[in-house]
Amino acid sequence: MPNIPNIIEITDFEAPELDVYARLTENQLINRHEPEKGLFIAESPKVIERALDAGCQPVSLLLERRHIEGQAKEIIARCGKVPVYTADFEVLAQLTGFKLTRGALCAMRRPPLPSVQEVCAGARRIAVLENVMNPTNVGAIFRSAAALNMDAVLLTPACSNPLYRRAIRVSMGTVFQIPWTWLDADHADNADHADDADHADDANIAGHANGADNADMELLQRLGFKTAAMALSDDSISIDDPRLTAEEKLAVVLGTEGDGLAPATIAGCDYTVRIPMSRGVDSLNVAAASAVAFWELGKY
C-alpha cells in the first residue's frame with residue numbers, strides 16, 4: 001500500500017467513522033437541526049470528481065483498496081488530508097450498498113444553496129419540479145436538464161432532495177453541474193417522506209401539499225419567465241407550438257408522479273403543454289416526459 005498517512009484499514013464495521021456510509025438515514029445526513037453540518041454521499045470516481053469540481057468539501061473517503069493507486073489516485077490528492085478508509089472488495093461488500101458504488105464513496109458537506117433569484121439570473125430555460133418524490137426520478141430529471149439545455153432547476157419542498165444518495169447516483173453527478181435550489185428554502189427538507197426516500201412509490205403520492213403555489217408562479221413571472229405547465233388539459237397546446245419556442249425565457253413545470261401538477265399550479269401558468277402521444281398512451285413517466293420537454297424547448 002502506498003505511503004499515504006491518512007489511509008486507514010477497515011477492521012471494525014461498527015466503527016462510528018463508517019456510520020455515514022452504512023448506517024445513517026437520509027434525514028440524519030441532512031441534519032436539520034444543524035444544516036451547516038449536513039452531509040451527502042457521492043458514489044463512484046466520476047461523481048466524486050464532479051462534486052469536487054463544484055467546490056463541495058470532502059469529509060472522508062471509503063475506497064476499494066485497488067483504486068488507491070488506480071481510479072481514485074487523483075481524487076485522494078484533491079481531497080487533501082481527509083481520512084481514507086479502505087479494504088478489499090470482499091470486506092467492503094459487507095457494508096450495505098457498497099456493491100453499487102464502483103469502488104469509491106466520499107462523504108461531503110452539503111453546500112449552501114443560492115436564492116431563486118441567483119439561480120435564475122441569466123437563465124433562459126429552467127425546470128420547475130412540483131412534488132416529484134421519487135429520488136430516481138429526480139436524479140434522472142437532473143441528468144436530462146443538464147444534458148438538454150436547461151439552465152437551472154427549482155424544486156418545491158415536497159420533492160425528494162437532489163442530494164439524496166440515489167438521486168446523486170442516478171444523475172451521474174449532474175446535480176453538481178446545474179444550478180438548483182428550493183422554491184421555499186425555509187421549508188425545504190421538511191417533507192415527511194425523507195426517511196423513506198429510497199422507497200418512494202410512484203403510486204403513493206398523497207395530495208399536492210407544498211406544491212408550486214401562485215406566489216411561486218408570480219415570482220417566476222416577475223423574473224421575466226413565461227411558465228409552461230406540462231399537463232393534459234382541454235386547452236393544452238402541443239410542445240412544438242411556435243409560441244413556446246418564441247419565448248425568450250421559459251420555465252417548464254413538471255408535476256408529481258401519478259397525479260401530475262396541482263390544478264392551481266396549472267391555472268397559474270401561462271401555457272398548458274402536452275406531448276403528443278400515439279397508440280392510446282395518455283402520458284409518460286415524469287422523468288421521460290422531462291427529457292422530451294427539455295429537448296424540444298431547450299433548442300431555442
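Because the structure is a prediction, the values reported are computed rather than measured.
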Nearest 0.5 Å, please: how far is [atom2] in [Y] from [atom1] in [X]?
{"X": "I141", "Y": "L129", "atom1": "CD1", "atom2": "CG", "result": "5.0 Å"}
{"X": "Q221", "Y": "D270", "atom1": "CD", "atom2": "CG", "result": "4.5 Å"}
{"X": "R65", "Y": "I10", "atom1": "CZ", "atom2": "CD1", "result": "9.5 Å"}
{"X": "I266", "Y": "M230", "atom1": "CD1", "atom2": "CE", "result": "11.0 Å"}
{"X": "L254", "Y": "S290", "atom1": "CG", "atom2": "OG", "result": "6.0 Å"}
{"X": "R274", "Y": "D241", "atom1": "CZ", "atom2": "CG", "result": "9.0 Å"}

Going by atom types alone, do [X] and [Y] pair a side-chain donor with an acceptor below 3.5 Å?
{"X": "E9", "Y": "Y85", "result": "no"}
{"X": "E130", "Y": "T265", "result": "yes"}
{"X": "N285", "Y": "E257", "result": "no"}
{"X": "Y21", "Y": "S60", "result": "yes"}
{"X": "S238", "Y": "D240", "result": "yes"}

Which atom pair, heavy atoms only, marks the closest approach of [X] to [Y]?
{"X": "F225", "Y": "A123", "answer": "CZ-O, 3.5 Å"}
{"X": "N131", "Y": "A158", "answer": "OD1-CB, 3.4 Å"}
{"X": "T272", "Y": "A231", "answer": "CG2-O, 3.6 Å"}
{"X": "T227", "Y": "C269", "answer": "OG1-CA, 3.1 Å"}
{"X": "Q71", "Y": "P45", "answer": "OE1-CG, 3.3 Å"}
{"X": "L155", "Y": "S160", "answer": "CD2-O, 4.0 Å"}

- Task: Tell me, with the steps shown, if E49 and I75 meet side chain to side chain contact (heavy atoms under 4.5 Å, CB included).
- Result: CA-CA 7 Å; E49 287 172 356; I75 291 172; 3.9 Å; yes
Would you say that more than 12 heavy atoms from the other residues, nucleotides or ligands in this model lie under 6.0 Å from the [atom1] of [X], or not?
{"X": "K226", "atom1": "NZ", "answer": "no"}
{"X": "K81", "atom1": "NZ", "answer": "no"}
{"X": "Q117", "atom1": "CD", "answer": "yes"}

Validation row: [X], [Y] side chains within 4.5 angstrom (heavy atoms):
{"X": "V47", "Y": "R50", "result": "no"}
{"X": "L52", "Y": "C79", "result": "yes"}
{"X": "T86", "Y": "I68", "result": "yes"}
{"X": "R23", "Y": "L18", "result": "yes"}
{"X": "I126", "Y": "V252", "result": "no"}
{"X": "L154", "Y": "L220", "result": "yes"}
{"X": "P276", "Y": "I239", "result": "yes"}
{"X": "M172", "Y": "F142", "result": "no"}

- Salt-bridged, E43 to R165, with N to O below 4.0 Å?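 Answer for the salt bridge query: yes.
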- Taking NZ, NE, NH1 and NH2 as the nitrogens, is one of them in R78 or D53 under 4.0 Å from a carboxylate oxygen of the other?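 Salt bridge present between R78 and D53.
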- Item | Test side chain to side chain contact (heavy atoms under 4.5 Å, CB included) applied to W180 and V119, step by step | CA-CA 6 Å; W180 66 272; V119 163; 5.8 Å; no
Could you tell me whether a side-chain N or O of [X] sits under 3.5 Å from a main-chain N or O of [Y], the two making a donor and an acceptor?
{"X": "K249", "Y": "L223", "result": "yes"}
{"X": "D19", "Y": "L24", "result": "no"}
{"X": "R125", "Y": "E248", "result": "yes"}
{"X": "S115", "Y": "E118", "result": "yes"}
{"X": "E247", "Y": "L244", "result": "no"}
{"X": "E296", "Y": "A293", "result": "no"}

Is there a path of hydrophobic side-chain contacts, each under 4.5 Å between heavy atoms, that joins [X] and [Y]?
{"X": "V292", "Y": "L232", "value": "no"}
{"X": "I237", "Y": "F294", "value": "yes"}
{"X": "I178", "Y": "V170", "value": "no"}

- Message: As a test of understanding, state which of I48, L39, I41 forms a side-chain contact (heavy atoms from CB on, under 4.5 Å) with M108.
- Response: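 Only one option passes, and that is I48.
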- Task: Could you go through the side chain to side chain contact (heavy atoms under 4.5 Å, CB included) check for L284 and M277 one step at a time?
- Result: CA-CA 9 Å; L284 299 173; M277 299 282 154; 3.5 Å; yes
- Do F40 and F176 have ring centres separated by under 6.0 Å?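 Yes.
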- Item | side chain to side chain contact (heavy atoms under 4.5 Å, CB included) between T256 and L261, intermediate numbers included | CA-CA 6 Å; T256 183; L261 290 169; over 6 Å; no
